[in-house]
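Could you have a look at this structure, given as structure tokens, before my questions?
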Amino acid sequence: MSIHCVLPSASRSFSLSCPAAGLLRCLLPVPNSILRRSMSSKRQMDHLERTASNQRQSVVYPAQVCGIINESESVKRLRLTAHPDFNFKAGQWVDFFIPGVEKVGGFSMCSTPGLLQREGVVELAVKFANHPPAHWVHTACTLGSQVAMRVGGDFYFDPSPSDPATDLLLVAGGVGINPLYSILSHSADLLQLNRASGGGGCNIGSVHLCYSAKTTQELLFKNPILWACKEFPDKLTCEFHVTQQTTDIEPQLQPFVSRRRIAEVELETHVDPQRTLCYLCGPPPMIEAVSQILLELGLPQDRILFEKWW
């Protein structure tokens, strides 16, 4: 199993000059030279600067928007028809190139390699923001829009049949659910393949998701998450947390929802220093707090993997 720990890059950037549309395949190697420049602490690093040290594929592939779904009031889910050679691992992100938009977006895929194989489709869930790529998704993107994507990221789950079973603890905050939903869904896909074939596939241990958002309305993918957990109750479990809910929680969600932040009591029963691998994705303060709890519970640093989006 290939697993890497993501660390945010400090002050590095590089430029890209590949047209986003009208190409069947654009060969675009990652530049060897990294331009360094001093940055004001008030200026937010963009996606390419933050991920300059992460691995990337060398090819930019064209894609076409084939579906737009309002996942919540602030999040749109894009379905994109991908190039036949496009491939990724559960948990990775894409450099997202938009014609006429200078800034390059960085969005984690919320779909699975299995969906790509079955339907040729990739999905991205994008929260509204003034950052040009996200703003384009919410204000200008339409069915048929042409874009381009390049896969990158060291934060992924990619087991092989020869790997021993590993228990996964997935901890998500807000829209940080995207790569973790991909990992959970990929685990469900592998379990389904094992069921259909009578075994012999990947060894999937337990997978537990702790997911926190402001309200239940902002708990993205909650229904398919619950469906997956009901489909494989001996392998997949979840618990949701809401921190600013002022209304009643829907009856069907009540057994799974707590009105508080994720705390040690929710994590400790799912931590085995020898078997557990934890993936974290969310706001940096949450990542830092949860990481500290896990270390105090005895989970080794190299078994705590995180992706920070800010």
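Note that the numbering runs from 1 along the sequence shown for the chain. All heavy atoms count here, side chains included; hydrogens, waters and symmetry mates do not.
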*asked:* Side chains of M109 and N178, heavy atoms from C-beta outward: is any pair under 4.5 Å?
replied: no
*Does a side chain donor of either H208 or T237 reach within less than 3.5 Å of an acceptor in the other side chain?*
yes
_Quick one, E307 with L180, criterion side-chain contact (heavy atoms from CB on, under 4.5 Å). Give me CA distance, side-chain angles, the key distance, then yes/no._
CA-CA 10 Å; E307 185 95 277; L180 303 187; over 6 Å; no
*Kindly check if the number of other-residue, nucleotide or ligand heavy atoms within 6.0 Å of CD (Q252) is above 12?*
yes
*No-hydrogen, no-angle side-chain donor-acceptor test under 3.5 Å, S111 and R79*: no
*Between the main-chain N or O of C202 and the side-chain N or O of N194, is there a donor-acceptor pair closer than 3.5 Å?*
yes
*Any donor-acceptor pair under 3.5 Å from Q57 side chain to N87 backbone*: yes
*Taking side chain as C-beta onward, heavy atoms only, is L170 less than 4.5 Å from F157?*
no
_Treating R56 as the side-chain partner and T51 as the backbone partner, does any N or O pair qualify as donor plus acceptor under 3.5 Å?_
yes
*Reported CD1-to-CG distance for the pair I68 and N70, which is rounded to 0.5 angstrom*: 9.0 Å
*Determine, step by step, whether W93 and H47 satisfy the side-chain contact (heavy atoms from CB on, under 4.5 Å) criterion, reporting the C-alpha distance in whole Å, the side-chain angles of both residues, the deciding distance to 0.1 Å, and the verdict.*
CA-CA 11 Å; W93 41 255; H47 166 68; 3.7 Å; yes
*Do you know which two heavy atoms are closest between C281 and G176, and how far apart they sit?*
CB-O, 3.3 Å
*Report whether V126 and L143 are members of the same hydrophobic cluster (ILVMFWY, side-chain heavy atoms less than 4.5 Å apart, transitive linking).*
yes
_To the nearest 0.5 Å, what is the distance between CG on L190 and NZ on K235?_
11.5 Å
_Any side-chain to backbone donor/acceptor pair from Q254 onto I249? Under 3.5 Å, distance only._
yes
_Contact check, side chains of I262 and I293, non-hydrogen atoms, under 4.5 Å_ = no
_A quick test of your reading: do over 12 heavy atoms of other residues, nucleotides or ligands sit less than 6.0 Å from CD of E73?_
no
*asked:* For residues Y211 and L277: do they belong to one hydrophobic cluster (side chain heavy atoms under 4.5 Å, members Ile, Leu, Val, Met, Phe, Trp, Tyr)?
replied: yes
_Sequence-distant partners of E71, side-chain hydrogen bond (donor to acceptor under 3.5 Å, both in side chains), two or more places apart_ = R77
_Backbone of P285 reached by a side-chain donor or acceptor of E288 within 3.5 Å_ = no
*Of all pairs that satisfy ring-ring contact (aromatic ring centres under 6.0 Å, His included), the ones with a partner from residues 133-153, not counting sequence neighbours*: F128-H135, F128-H138
*Between the side chain of R261 and the main-chain N/O of T243, is any donor-acceptor distance below 3.5 Å?*
no
*Go through the structure and list residues passing salt bridge (Lys or Arg N to Asp or Glu O under 4.0 Å) with E231, not counting sequence neighbours.*
R195
*When hydrophobic residues are tied together by side-chain contacts of less than 4.5 Å, even through go-betweens, does M286 share a cluster with L295?*
yes
*Taking all heavy atoms of F88 and all of S182, pick out the closest pair and write down the distance.*
CE1-OG, 4.4 Å
*Which atom names give the shortest non-hydrogen contact between V104 and P133, and what distance separates them?*
C-CG, 3.9 Å
*Derivation and outcome, side-chain hydrogen bond (donor to acceptor under 3.5 Å, both in side chains), residues Q292 and E296*: CA-CA 6 Å; Q292 185 58 42; E296 292 173 358; 3.2 Å; yes
*Can you list every salt bridge (charged side-chain N to carboxylate O under 4.0 Å, His left out) pair that touches residues 200-212, not counting sequence neighbours?*
none
_Student check: side-chain heavy atoms of L169 and L299 closer than 4.5 Å_ = no
*Where at least one partner belongs to residues 217-257, residue pairs that pass ring-ring contact (aromatic ring centres under 6.0 Å, His included), sequence neighbours excluded*: Y181-F221
*Partner set under salt bridge (Lys or Arg N to Asp or Glu O under 4.0 Å) for R275, not counting sequence neighbours*: D167
*Would a 4.5 Å heavy-atom cut-off, applied to side chains only, mark T166 and R303 as touching?*
yes
*Any sub-3.5 Å donor-acceptor pair from K127's side-chain atoms to V175's backbone N or O?*
no
*Might you point out which heavy atoms bring Q245 and R259 nearest each other, and give the distance in Å?*
O-NH1, 3.1 Å
_Closest contact, heavy atoms only, V137 versus K76_ = O-CD, 3.8 Å
_Using 0.5 Å steps for rounding, measure from the NZ atom of K222 to the CG atom of L226._
9.5 Å
*Report the C-alpha separation of D189 and L193 in whole Å, then their side-chain angles, then the decisive distance to 0.1 Å, and conclude whether the side-chain contact (heavy atoms from CB on, under 4.5 Å) test is met.*
CA-CA 6 Å; D189 280 353; L193 288 173; 5.5 Å; no
*asked:* Counting C-beta onward and ignoring hydrogens, is there a side-chain heavy-atom pair between L209 and I177 closer than 4.5 Å?
replied: yes
*Answer yes or no: is there a donor N or O on one side and an acceptor on the other, between the side chain of K103 and the main chain of H131, under 3.5 Å?*
no
*Roughly how far, to the nearest 0.5 Å, is CG of N54 from CG of D154?*
4.5 Å
_Close side-chain approach of V242 to V257, heavy-atom, < 4.5 Å_ = yes
*side-chain contact (heavy atoms from CB on, under 4.5 Å) between V94 and V122: does it pass, once the steps are laid out?*
CA-CA 10 Å; V94 291; V122 175; 5.7 Å; no
*asked:* Is there a side-chain contact between L191 and L236 in this structure, where contact means two heavy atoms from C-beta onward sitting under 4.5 Å apart?
replied: yes
*Examine F107 and V121 and state if one hydrophobic cluster contains both, with Ile, Leu, Val, Met, Phe, Trp and Tyr joined whenever side-chain heavy atoms are less than 4.5 Å apart.*
no
_Exercise: identify the closest heavy-atom pair between E218 and A213_ = O-CB, 3.7 Å
*Can you tell me how far the CD1 atom of I225 sits from the CG atom of L184, to the nearest 0.5 Å?*
6.5 Å
*Working to the nearest 0.5 Å, report the span between CD1 of I183 and SG of C110.*
12.5 Å
*Kindly check if the number of other-residue, nucleotide or ligand heavy atoms within 6.0 Å of CG (D248) is above 12?*
no
